[in-house]
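Because only heavy atoms are used, hydrogens play no part in the values below, and waters and symmetry mates are left out as well, while side chains stay in.
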Amino acid sequence: MRPVLSMLAALAAAFSAAGDGFTVDYRETPGPNLLRNADFSEIGPDGVPAGWYFDNCTRNELLLHGVAELDRGNAATITVADADTPELYGYWSQIVRLTEPGRYCFRFNIRTEDMSFAYWLSDNTGTNMVLKMFPSASGPASRAILEKFVPEDLLLTFSPDIWSPVTVEFDVAQPPGDGVFGVKAGAMAASAGWMAVDDAWFGRAETVLTARIAGAGAARLEVEQPGGMVAGCDLDSALSEQEVALTVPSRLAPSKWIVTDLHGNRNEIAATLRQ
């Protein structure tokens, strides 16, 4: 029995969940944003954010679009003022060109009151590659329509007072045709209510993580995401603090940070994101 206990003790020492003596904090640096005027700060002579256009799909004059100055600056808005208006559809969109296959990310911040919304990506044939819908829990008519074909976990509630981040990652095996896509976010089966979109971002999902490791004797740093290790590098064990940069394939996927010491002990660290 004693040899078994000794072996278990050795295994526990080889992988310490607490990360004795080491700390890691990091900052994220995504690649370039392929969207122009992503914060809607530049307004064209027609009053529409430069680089963007609004498509009133239902051609209903009660579906209004515009720009509002909210707490963090301009935001693109959609409003339906008439409570008796049937479900309407319209979206803000911008054209991007993808030249390489790979993993991409689309994210933005949203505030909405009683308005169901969706975001999606479609190629120049009109085929939707990514489509996610978020019916407003306080819009019973829209919810009743969409819950028939939208998974329950997507029937979420968003606030008119607090910005909520919305993010999706997806793979593009090979950009079809000329690689032109429409990046879209807007109202889906909306009745009375409003929504605001800000801080849009679209680009490659891979992200540079600049990590600062504190603690003497750190020999190697690795980052794991679902599926295994995605990045790693050797460290200078003579330094009590050092900084390295690692590129990971996904910003959205959860990351596990492992610091290996001079004795080969692997320490899982609860890394802290710094702004």
Side-chain angles (χ1 to χ4, degrees), residues 35 37-40 43-44 46-96 106-122 126-168 181-202:
L35 295 176
N37 192 25
D39 61 357
F40 306 99
I43 307 300
D46 55 356
V48 174
W52 296 87
Y53 71 90
F54 183 79
D55 189 341
N56 186 334
C57 302
T58 43
R59 304 296 184 263
N60 191 310
E61 62 183 11
L62 295 177
L63 183 66
L64 308 176
H65 67 282
V67 177
E69 186 174 346
L70 300 178
D71 51 353
R72 299 189 306 184
N74 286 346
T77 62
I78 301 174
T79 304
V80 178
D82 190 341
D84 296 325
T85 302
E87 284 71 23
L88 302 179
Y89 298 79
Y91 56 82
W92 287 101
S93 181
Q94 186 170 146
I95 299 299
V96 298
F106 179 27
R107 65 178 181 269
F108 57 90
N109 290 320
I110 180 81
R111 283 167 60 173
T112 181
E113 182 172 25
D114 295 338
M115 182 172 285
S116 304
F117 72 92
Y119 61 99
W120 65 101
L121 182 79
S122 59
T127 301
N128 292 322
M129 290 191 58
V130 178
L131 176 61
K132 285 186 178 290
M133 292 178 285
F134 297 86
S136 169
S138 56
S142 299
R143 186 184 179 96
I145 293 173
L146 295 174
E147 67 183 359
K148 298 174 183 177
F149 56 93
V150 176
E152 180 65 25
D153 62 342
L154 295 185
L155 298 178
L156 306 177
T157 302
F158 290 82
S159 169
D161 304 311
I162 300 173
W163 289 104
S164 300
V166 178
T167 307
V168 64
F181 290 85
V183 178
K184 306 172 182 179
M188 179 68 67
S191 51
W194 65 272
M195 64 175 289
V197 177
D198 197 10
D199 297 328
W201 194 96
F202 180 83

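- The NE2 atom of H65 lies 8.5 Å from the CG atom of N56; values are rounded to the nearest 0.5 Å.
- The CZ atom of F202 sits 7.5 Å away from the CZ atom of F181 when rounded to the nearest 0.5 Å.
- Judged as a ring pair (Phe, Tyr, Trp, His ring centres under 6.0 Å), and not counting sequence neighbours, the contacts of Y91 are W120.
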(request) List the steps, then state whether side-chain contact (heavy atoms from CB on, under 4.5 Å) holds for W201 with T167. (result) CA-CA 9 Å; W201 194 96; T167 307; over 6 Å; no
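- Across all their heavy atoms, G182 and I95 have their closest contact at CA-CD1, 4.0 Å.
- Without hydrogens or angle criteria, T112 side chain to W194 main chain gives a donor-acceptor distance under 3.5 Å.
- Two residues are said to be in side-chain contact when any heavy atoms from C-beta on lie closer than 4.5 Å; T58 and L63 meet this criterion.
- For the pair R107 and V168, the minimum side-chain heavy-atom distance is 4.5 Å or more.
- Here the closest heavy-atom approach between residue I78 and residue G186 is recorded as CD1-CA, 3.8 Å.
- Counting heavy atoms from C-beta outward, M195 and T77 have side chains that stay 4.5 Å or more apart.
- Applying the ring pair (Phe, Tyr, Trp, His ring centres under 6.0 Å) rule to W52 yields the partners F40; only residues at least two apart in sequence or on another chain are considered.
- Considering all non-hydrogen atoms of both residues, V67 and G47 come closest at CG2-O, 4.0 Å.
- When every heavy atom of A200 is checked against every heavy atom of A38, the shortest pair comes out as O-CB, 2.9 Å.
- Taking CG from N74 and CD from E69, the interatomic distance works out to 6.0 Å, rounded to the nearest 0.5 Å.
- Applying the salt bridge (Lys or Arg N to Asp or Glu O under 4.0 Å) rule to D199 yields the partners R72; only residues at least two apart in sequence or on another chain are considered.
- By the 4.5 Å heavy-atom criterion applied to side chains, K184 and W92 are not counted as neighbours.
- The closest side-chain heavy-atom distance from V96 to F106 is not below 4.5 Å.
- The side-chain hydrogen bond (donor to acceptor under 3.5 Å, both in side chains) test applied to D39 returns S41, not counting sequence neighbours.
- Scored by the side-chain hydrogen bond (donor to acceptor under 3.5 Å, both in side chains) test, W163 finds D71 as partners (sequence neighbours excluded).
- Taking CG from N109 and CD1 from I162, the interatomic distance works out to 12.0 Å, rounded to the nearest 0.5 Å.
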